[in-house]
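Below is one structure, written out as structure tokens; the observations come after it.
Counting begins at 1 with the first residue of the sequence.
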Amino acid sequence: CDSILGRRIDRVLETTLTFRPTHFEVATGDVRIHGTLVDVDPATGRKNFAFIQAEDELAAIGMVLGASWNGARAFTATSGPGISLMSEFFGLAYYAEIPAVIFDVQRVGPSTGMPTRTQQSDILSAAYASHGDTKHVLLFPSNPEECFYMMVQAFDLAERLQTPVFLMSDLDIGMNDWMCPELKWDDAYRPDRGKVLTREEIEALPRFHRYLDKDDDGIPARTLPGVSPKGAYFTRGSGHNQYGGYTEDSAEYQVVMERLLRKFRQAKTLVPAPVIEATGTSDIGLVAIGSSRGAVNEARDILARRGIPIDYMRIKAFPFTKDVEAFMASHDKIFVVEQNRDAQLKSLLTLETDVPKSKLHSILHYSGLPMTSKEIVEAVLAELPTDDLAILSPRDSRSSSRGDAGPGLLAVPSPARAPHDVSGPVQARSRSCPGDVSALVERDRDPAHLHSGGEETAGARTALQQVDAVEAAAA
């Protein structure tokens with residue numbers, strides 16, 4: 001359960017797990033969960049689950065695939081180095097169509113990197129994990145609460161699609177303290193096992209073919225070991241045809257590969273839709289994933305009070321749904337916020353959607369520390385035309401007598417925008433909770449600290465120089 005919440009493995013020492021016949025209670029240092037435990041036999045008290053400590057990452061993912069192939073629900077938790085080590089098994093699960101759930105608590109790489117610092121740098125390696133042509137389902141939780149509930153979605157998707165599903169958390173979520181509502185289990189929930197044939201269904205078939213797509217959705221029916229001899233088949237990581245037989249025939253191989261692609265496209269209709277907050281008046285969009293959510297919300301509040309409304313889309317899954325495509329098509333300029341050096345989310349959007357690359361502008365953060373709104377605000381202001389920006393009076397650009405840090409660079413509306421109130425402290429959302437708290441963004445006058453995607457931003461320097469000029473004239 002600690003792994004489900006994205007906690008580090010050593011925090012399992014802080015966890016207690018107690019059982020009664022039909023009820024469970026999990027307590028960690030931060031979270032308490034209550035609910036009905038359906039995996040304990042109420043008559044015998046027998047527990048139909050197991051926690052297994054594998055000797056390494058290869059063994060861990062191998063155990064997951066073996067358990068899933070046998071009909072159990074199984075997952076393993078890891079971070080970037082584990083994703084690298086497990087990649088060949090991911091290819092086996094993709095090609096042999098075995099459900100699996102992998103919880104990736106992303107941290108700084110490459111290699112050992114900084115194991116206690118956070119990043120979102122496994123996006124591409126997870127999306128296309130393993131050699132050959134593979135594509136995997138990714139889910140992007142933004143806080144511990146979503147980690148908990150998305151885990152259920154991940155298992156349902158893995159079994160329905162018969163494929164690996166990755167939960168892409170990060171070390172900010174996994175290690176830092178967050179506030180979230182009490183986690184509650186839905187006792188009405190029933191697992192979606194997908195197309196698993198019963199004994200009666202198997203016996204009614206003239207013949208069972210493991211990889212034959214009868215419903216034209218890319219998803220074949222599967223059987224579980226021991227249910228019926230008629231449902232037996234070879235599970236192959238080698239070339240196979242739609243009937244489950246070994247092949248090196250080009251046409252038969254391509255039939256299976258094209259069906260796997262149809263299945264991945266079908267996943268677009270099953271994965272969680274993005275969260276979209278649109279003003280209806282802005283041609284500027286901002287796209288982000290995961291734990292960047294708090295910084296993005298705060299930055300949007302700050303920019304909105306300066307006359308720059310920005311529409312926001314928080315992507316929750318890959319493959320990208322039609323809503324993602326529609327949002328990208330409806331905006332002229334799109335900022336892609338992510339926590340890695342190489343713009344991996346932007347690259348994935350470019351590869352997997354029809355959005356023109358010229359629309360996308362990266363805001364990159366990869367220091368290993370959680371992202372802040374200041375970086376986003378500065379990067380957005382630096383990209384906007386200078387005639388859209390005006391500088392407030394010196395009184396508003398300095399710290400107040402109460403010791404509040406006054407916002408150093410404020411954008412006020414151009415004549416084309418509606419007037420607004422820019423006085424008083426900025427109301428912004430904190431990273432830890434969804435409620436509004438008073439927050440102010442200090443202006444950093446050192447140009448060396450003004451970076452967008454790791455490169456010094458001349459536009460931001462120019463804007464700050466304008467502020468300095470106004471203040472000097474007033475003095």
Side-chain angles (χ1 to χ4, degrees), residues 38-39 48 61-75 89-102 130 132-137 139 152-166 189-249 251-272 317 319:
V38 296
D39 283 336
N48 297 316
I61 188 62
M63 291 175 184
V64 167
L65 298 191
S68 297
W69 178 81
N70 273 281
R73 286 191 155 187
F75 84 100
F89 272 110
F90 296 151
L92 171 63
Y94 174 83
Y95 194 34
E97 300 180 67
I98 303 171
V101 173
I102 302 94
S130 195
D133 292 322
T134 60
K135 291 187 179 184
H136 302 295
V137 176
L139 302 182
V152 180
Q153 293 177 298
F155 276 118
D156 283 347
L157 287 168
E159 292 209 283
R160 188 164 178 180
L161 294 166
Q162 302 171 28
T163 198
V165 174
F166 294 75
Y189 166 75
R190 294 295 178 269
D192 182 351
R193 305 305 303 268
K195 298 180 183 180
V196 180
L197 299 181
T198 64
R199 182 182 183 86
E200 292 73 23
E201 290 171 328
I202 296 171
E203 296 297 335
L205 294 174
R207 189 173 180 182
F208 172 69
H209 299 296
R210 173 63 180 96
Y211 300 112
L212 185 63
D213 178 15
K214 292 186 174 181
D215 301 322
D216 199 32
D217 59 0
I219 307 172
R222 65 183 175 120
T223 60
L224 301 179
V227 174
S228 168
K230 198 173 179 179
Y233 64 95
F234 280 108
T235 303
R236 297 184 186 274
S238 54
H240 53 266
N241 58 29
Q242 61 184 330
Y243 306 110
Y246 175 80
T247 186
E248 291 190 17
D249 180 83
E252 289 186 326
Y253 165 79
Q254 287 179 287
V255 166
V256 173
M257 291 299 291
E258 288 166 4
R259 178 185 58 76
L260 289 171
L261 187 57
R262 288 202 310 275
K263 181 170 74 170
F264 189 75
R265 290 169 181 159
Q266 177 71 11
K268 294 183 180 183
T269 67
L270 303 175
V271 299

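- Here His240 pairs with Tyr95, Tyr211 under the ring-ring contact (aromatic ring centres under 6.0 Å, His included) rule; sequence neighbours left out.
- Between the side chain of Lys135 and the backbone N or O of Phe264 there is no donor-acceptor pair closer than 3.5 Å.
- Distance check, rounded to the nearest 0.5 Å: CD of Gln266 to CG of Asp215 gives 10.0 Å.
- In this structure, Lys230 contributes its side chain and Ala204 its backbone to no donor-acceptor pair below 3.5 Å.
- Between the CD1 atom of Ile61 and the OG atom of Ser68 there is a distance of 8.0 Å, given to the nearest 0.5 Å.
- The main-chain N or O of Phe90 is never found under 3.5 Å from a side-chain atom of Ser130 such that the two would form a donor-acceptor pair.
- Listed for the Lys195 side chain is a donor-acceptor partner under 3.5 Å among the backbone atoms of Ile219.
- When the side chain to side chain contact (heavy atoms under 4.5 Å, CB included) test is applied to Thr223, the partners found at least two apart in sequence or on another chain are Leu197, Ile202, Phe208, Tyr233.
- With hydrogens and angles disregarded, a donor-acceptor distance shorter than 3.5 Å links the side chain of Glu201 to the backbone of Thr198.
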message = For Leu270 and Leu157: C-alpha separation, side-chain torsions, deciding distance, then whether side-chain contact (heavy atoms from CB on, under 4.5 Å) applies.
response = CA-CA 7 Å; Leu270 303 175; Leu157 287 168; 3.7 Å; yes
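- Among all heavy-atom pairs drawn from Pro272 and Leu139, the shortest one is CD-CD2, 3.6 Å.
- For the atom pair Lys263 NZ and Leu261 CG, the distance stands at 11.5 Å (nearest 0.5 Å).
- For Arg262, the salt bridge (charged side-chain N to carboxylate O under 4.0 Å, His left out) partners are Asp213, not counting sequence neighbours.
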key: From CA spacing to verdict: side-chain contact (heavy atoms from CB on, under 4.5 Å), Thr163, Tyr94   = CA-CA 5 Å; Thr163 198; Tyr94 174 83; 4.1 Å; yes
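- Pairs engaging residues 61-75 under the salt bridge (Lys or Arg N to Asp or Glu O under 4.0 Å) rule: Arg73-Asp156, Arg73-Glu159 [sequence neighbours left out].
- Applying the side chain to side chain contact (heavy atoms under 4.5 Å, CB included) criterion to Lys268, with sequence neighbours excluded, gives Pro319.
- A search for salt bridge (charged side-chain N to carboxylate O under 4.0 Å, His left out) contacts involving Arg160 returns Asp192, not counting sequence neighbours.
- Annotation: salt bridge (charged side-chain N to carboxylate O under 4.0 Å, His left out) contacts of Arg199 (sequence neighbours excluded): none.
- The distance from the CG atom of Leu161 to the CG atom of Leu260 is 11.0 Å, given to the nearest 0.5 Å.
- Looking at residues two or more places apart in sequence or on another chain, you find a salt bridge (charged side-chain N to carboxylate O under 4.0 Å, His left out) between Arg259 and Glu97.
- Of the possible donor and acceptor atoms, none in the side chain of Gln153 sits under 3.5 Å from a partner among the backbone N and O of Val271.
- With hydrogens and angles ignored, the 3.5 Å screen pairs no side-chain donor or acceptor of Arg222 with any backbone N or O of Gly194.
- The two atoms that bring Leu65 and Ala100 nearest to each other are CD2-CB, 3.7 Å, heavy atoms only.
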message = side-chain contact (heavy atoms from CB on, under 4.5 Å), that's the test. Do Phe75 and Ile102 meet it? Break it down for me.
response = CA-CA 6 Å; Phe75 84 100; Ile102 302 94; over 6 Å; no
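- Partners of Val255 according to the side chain to side chain contact (heavy atoms under 4.5 Å, CB included) rule, which considers only residues two or more places apart in sequence or in another chain, are Gln242.
- Contact record, Gln162 with Arg210: OE1-NH2, 2.9 Å, taken as the closest heavy-atom pair.
- Not counting sequence neighbours, the partners of Asp133 by the side chain to side chain contact (heavy atoms under 4.5 Å, CB included) test are Met257.
- Checked against ring-ring contact (aromatic ring centres under 6.0 Å, His included), Phe155 has no partners two or more places apart in sequence or in another chain.
- Residues that satisfy the ring-ring contact (aromatic ring centres under 6.0 Å, His included) test with Phe234, not counting sequence neighbours, are absent from this structure.
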